[in-house]
Amino acid sequence: MIESSAPTPPAAHEGAPADVSHPRNIRSFVRRTGRTTVGQAKAFADVGPRFLLAYTGLPMDFAAIYERDAPTILEIGFGMGEATAHIAGLMPEKNFLCCEVHTPGVGALLKRIDEQSLTNIRILQHDAVEVIDHMLPVASLDGAHIFFPDPWHKTKHNKRRLIQRPLIAKLAARLKPGGYLHCATDWQPYAEQILEVLSAQPLLKNTADAASGGYAPKPGYRPLTKFENRGIKLGHGVWDVVFTRA
């Protein structure tokens, strides 16, 4: 869930069959409306100055930003931040760089950061594609998470999907050797596309074997969200795809 806008109110996230190129000016989000609550607005004012980063278009110095040397994980589109805060709490030894443009979502994560006393998250309220292009040095990331990107169900809209070969090539180049890319979706056609796109990237290697169809078991760090639990109860599947940089 993401868009081109710095600390200002705003939008969400997305992702196309392997043989479809990104349209011109592809973004990692789709605009959504939403109201910021009083609590979220307070979090922007009280917590935002410490945890919100400005989009500069310049390469990032993680050691300076987080005031330590630690593995850094990129998250593209965190929604309301439930999973992000959970994972960051489980892994205090890692840095989390989170891109989201939807203002209520950013406010919700800032509120969680405050409530859970998290110190290892930084948020860029900007289009993740531009962040990757201009602010993330090659071989700088230890991991990347893309959880439940917009599936764009209609075939005519598949080209709007975030996970396509051009983006994955950029992400693969920014992973350190041994770094990982973890995608998850509850839409099977998109899961199949994700698996195809990642398998076609020569810098990446699947962690799952053929017996599992190429899909990984859900890593323990990824929580089941309320939305996902509801889907499972309705019989919906969830597919995790985890590749590492060779």
Side-chain angles (χ1 to χ4, degrees), residues 1-3 10-15 28-30 32 34 36-37 39-40 43 47 51-53 66 70-126 128 131 141-151 161-163 171 179-187 190-191 194 198 207 215-234 236-243:
M1 301 165 206
I2 312 223
E3 150 186 282
H13 108 150
E14 43 174 280
S28 60
F29 65 93
V30 62
R32 304 199 197 290
T36 304
T37 67
Q40 292 165 4
V47 187
F51 295 99
L52 284 173
L53 302 177
Y66 292 92
T72 300
I73 312 298
L74 171 70
E75 181 169 12
I76 300 178
F78 54 75
M80 299 304 283
E82 178 184 0
T84 304
H86 174 87
I87 296 170
L90 285 180
M91 303 179 181
E93 75 284 0
K94 295 183 179 178
N95 300 330
F96 291 87
L97 176 64
C98 306
C99 290
E100 174 64 72
V101 297
H102 189 47
T103 297
V106 174
L109 180 54
L110 288 170
K111 191 168 179 287
R112 293 179 196 277
I113 287 171
D114 189 35
E115 292 169 346
Q116 299 176 36
S117 300
L118 300 172
T119 61
N120 56 338
I121 293 175
R122 298 294 184 274
I123 302 170
L124 256 166
Q125 192 174 0
H126 196 85
V131 171
L141 296 173
D142 294 87
H145 297 165
I146 308 176
F147 297 154
F148 305 100
D150 194 324
R161 288 177 176 170
L162 174 65
I163 301 177
L171 274 176
Y180 70 94
L181 172 58
H182 178 188
C183 304
T185 182
D186 59 352
W187 183 246
Y190 200 4
I194 291 170
L198 270 61
T207 63
Y215 299 106
K218 183 184 80 65
Y221 58 78
R222 185 177 73 73
L224 290 175
T225 64
K226 293 178 183 177
F227 172 81
E228 189 176 352
N229 269 317
R230 186 164 62 246
I232 290 172
K233 289 176 182 177
L234 293 172
H236 301 167
V238 176
W239 293 263
D240 287 88
V241 181
V242 183
F243 276 61

**Asked** So do the side chains of Pro217 and Asp240 get within less than 4.5 Å of each other, counting heavy atoms only?
**Response** no
**Request:** Rounded to the nearest 0.5 Å, what's the gap from CD1 on Ile146 to CD1 on Ile163? Could you check?
**Result:** 4.5 Å
**Item:** Over all atoms of both residues, closest heavy-atom pair of Thr84 and Phe78
**Value:** OG1-CB, 3.1 Å
**Request:** For residues Leu74 and Leu171, determine if any side-chain heavy atom of one lies less than 4.5 Å from a side-chain heavy atom of the other.
**Result:** yes
**Request:** Give the minimum heavy-atom separation between His126 and Cys99, together with the two atoms involved.
**Result:** O-CB, 4.2 Å
**Prompt:** Is a donor on one side and an acceptor on the other found under 3.5 Å between the side chain of Asp186 and the backbone of Val238?
**Reply:** no
**Message:** Determine whether Leu110 and Val106 satisfy the following criterion, side chain to side chain contact (heavy atoms under 4.5 Å, CB included), listing intermediate values before the conclusion.
**Reply:** CA-CA 6 Å; Leu110 288 170; Val106 174; 4.1 Å; yes
**Request:** Test Asn95 against Arg122 for side chain to side chain contact (heavy atoms under 4.5 Å, CB included), laying out the working first.
**Result:** CA-CA 8 Å; Asn95 300 330; Arg122 298 294 184 274; over 6 Å; no
**Fill in**
Separation between NE2 (His102) and CG (Leu109), nearest 0.5 Å, reads 13.0 Å
**Request:** Mind listing the closest non-hydrogen atom pair of Leu198 and Cys183 along with its distance?
**Result:** CD2-SG, 4.4 Å
**Request:** Measure across Gln40 and Lys111 and return the closest heavy-atom pair with its distance rounded to 0.1 Å.
**Result:** N-CD, 4.4 Å
**Request:** To the nearest 0.5 Å, tell me how far Leu224 CG sits from Asn229 CG.
**Result:** 5.0 Å
**Request:** Please work out which of the three classes, parallel, tilted or perpendicular, describes the rings of His182 and Phe147, given edges at 30° and 60°.
**Result:** perpendicular
**Complete:** What one should report as the nearest heavy-atom pair of Cys98 and Ile121 is SG-CG2, 4.0 Å
**Pro149 backbone acceptor or donor facing Tyr190 side chain under 3.5 Å** = no
**Request:** To the nearest 0.5 Å, tell me how far Glu100 CD sits from Ile76 CD1.
**Result:** 11.0 Å
**Request:** For Asn120 and Lys94, indicate whether the former's side chain and the latter's backbone hold a donor-acceptor pair under 3.5 Å.
**Result:** yes
**Message:** Tell me whether Tyr66 contacts the main-chain N or O of Phe96 through its side chain, where contact means a donor paired with an acceptor under 3.5 Å.
**Reply:** yes
**Prompt:** Can any side-chain N or O of Gln116 pair as donor or acceptor with the backbone N or O of Leu118 at less than 3.5 Å?
**Reply:** no
**Prompt:** At their closest point, which heavy atom of Gly107 faces which heavy atom of Ala43, and how far apart are they?
**Reply:** O-CB, 3.8 Å
